[in-house]
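Values below: every heavy atom of this structure, side chains too, minus hydrogens, waters and symmetry copies.
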Amino acid sequence: RLEPAVYDRVKRVYRQVRELEPWTDRASSLAEAAILHPGLEHFPSPAPGFGPEELASVKGATRLLRELQCQFDLVDGRAGLEKYRLLLLPDSVRLDPGLAAKLRAHLKRGGLLVSSAFAGLNPAGTGFALKEYRLKYLGPEAHHYTFFKAVPSFRRGLPDLATTIYLPGVALEAGPGASVLARLYK
């Protein structure tokens, strides 16, 4: 049996929910952004290959969008992506041919795609799955601490100093047609 104070608190919370129900009944998300990770298919149950590192990368992406006060959905990529203007791929999302085709269609519609670390690589991890990245994958970054500095045309509000990257990331090279927005210092 719970304490009477607990029952009082539950009653107050549910009363507030009941008062808001007319406003939320049949409501749907208006999010223009989504964090996409195929491992979210069975979320919150663990999916095969969706371990602590994958969960941490989704949490990091969630924190980023929350700090930007951006409304977003968590999606696994199986359903349509048409409603989203921005798709964010956390660190470890590999692109099989089906998901790569969906992301290519998203980009052709004018959608935006942001990926971090090793996200966007082909299933073998040998290169980016989309030519639209315009980047050459060189492998894991060899240096543990690196620094980046935004180029002046992209700096807008960022200080003119190098920012530390604490964990090893991805070594890459800008390909034809790519815009370099920051310089890496090792």
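Legend: residues meeting salt bridge (Lys or Arg N to Asp or Glu O under 4.0 Å) with Arg85, ordered by chain and number and at least two apart, are absent. Residues meeting the ring-ring contact (aromatic ring centres under 6.0 Å, His included) test with Phe50, sequence neighbours left out: His37. For Phe72, there are no ring-ring contact (aromatic ring centres under 6.0 Å, His included) partners two or more places apart in sequence or in a different chain. Lys186 meets the side chain to side chain contact (heavy atoms under 4.5 Å, CB included) test with Glu141, His143, Thr146, Leu184; sequence neighbours excluded.
Lys102 and Arg78 get closest at one heavy-atom pair: NZ-O, 2.7 Å. Closest heavy-atom contact between Glu54 and Ser57: O-OG, 2.8 Å. Closest non-hydrogen pair, Ala100 versus Ala129, comes out as CB-CB, 4.5 Å. For the residue pair Pro90 and Ala61, the shortest heavy atom distance occurs at CG-CB, 4.3 Å.
Within a 6.0 Å sphere centred on CZ of Arg155, other residues, nucleotides and ligands contribute more than 12 heavy atoms. At most 12 heavy atoms of other shown residues, nucleotides or ligands fall within 6.0 angstrom of atom CD in Glu32. Within a 6.0 Å sphere centred on CZ of Arg183, heavy atoms belonging to other residues, nucleotides or ligands number 12 at most.
Rounding to the nearest 0.5 Å gives a distance of 8.0 Å between OH of Tyr145 and OH of Tyr166. Between the CG atom in Asp76 and the CD1 atom in Ile35 there is a gap of 13.5 Å [rounded to 0.5 Å]. With rounding to the nearest 0.5 angstrom, the CZ atom of Arg66 is 11.5 Å from the NZ atom of Lys59. Interatomic distance, CZ of Arg9 versus NZ of Lys11, reported as 13.5 Å (0.5 Å rounding).
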**Request:** Take Arg63 and Glu67 through the salt bridge (Lys or Arg N to Asp or Glu O under 4.0 Å) test and state the conclusion after the steps.
**Result:** CA-CA 6 Å; Arg63 181 176 179 187; Glu67 287 180 1; 2.8 Å; yes

**Message:** side-chain contact (heavy atoms from CB on, under 4.5 Å), that's the test. Do Thr24 and Val17 meet it? Break it down for me.
**Reply:** CA-CA 10 Å; Thr24 59; Val17 168; over 6 Å; no

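Residue Val6 is grouped with residue Tyr14 when hydrophobic side chains (ILVMFWY) are merged at heavy-atom distances under 4.5 angstrom, including chains of intermediate members. Leu167 and Tyr185 fall into different hydrophobic clusters, where Ile, Leu, Val, Met, Phe, Trp and Tyr residues are linked whenever their side-chain heavy atoms come under 4.5 Å apart, directly or through other members. Hydrophobic clustering of Ile, Leu, Val, Met, Phe, Trp and Tyr side chains at less than 4.5 Å, counting indirect connections, keeps Val180 apart from Phe148.
Taking Ile, Leu, Val, Met, Phe, Trp and Tyr as hydrophobic and joining them when side-chain heavy atoms fall under 4.5 Å apart, one finds Tyr84 in a cluster with Leu36, Val75, Leu81, Leu87, Leu89, Val93, Leu95, Leu99, Leu103, Leu107, Leu113, Phe118, Leu121, Phe128, Leu130, Tyr133, Leu135, Tyr137, Val170, Leu172. Members clustered with Leu181: Val151, Phe154, by chain and number, using a 4.5 Å side-chain heavy-atom cutoff among hydrophobic residues.
Judged purely by atom type and a 3.5 angstrom limit, His144 has no side-chain atom pairing as donor or acceptor with the backbone of Pro168. Side chain of Ser116 to main chain of Asp91: a donor-acceptor pair is present (N/O by atom type, distance under 3.5 Å, no hydrogens or angles).
In this structure the side chain of Leu64 reaches within 4.5 angstrom of the side chain of Leu88, judged on heavy atoms.
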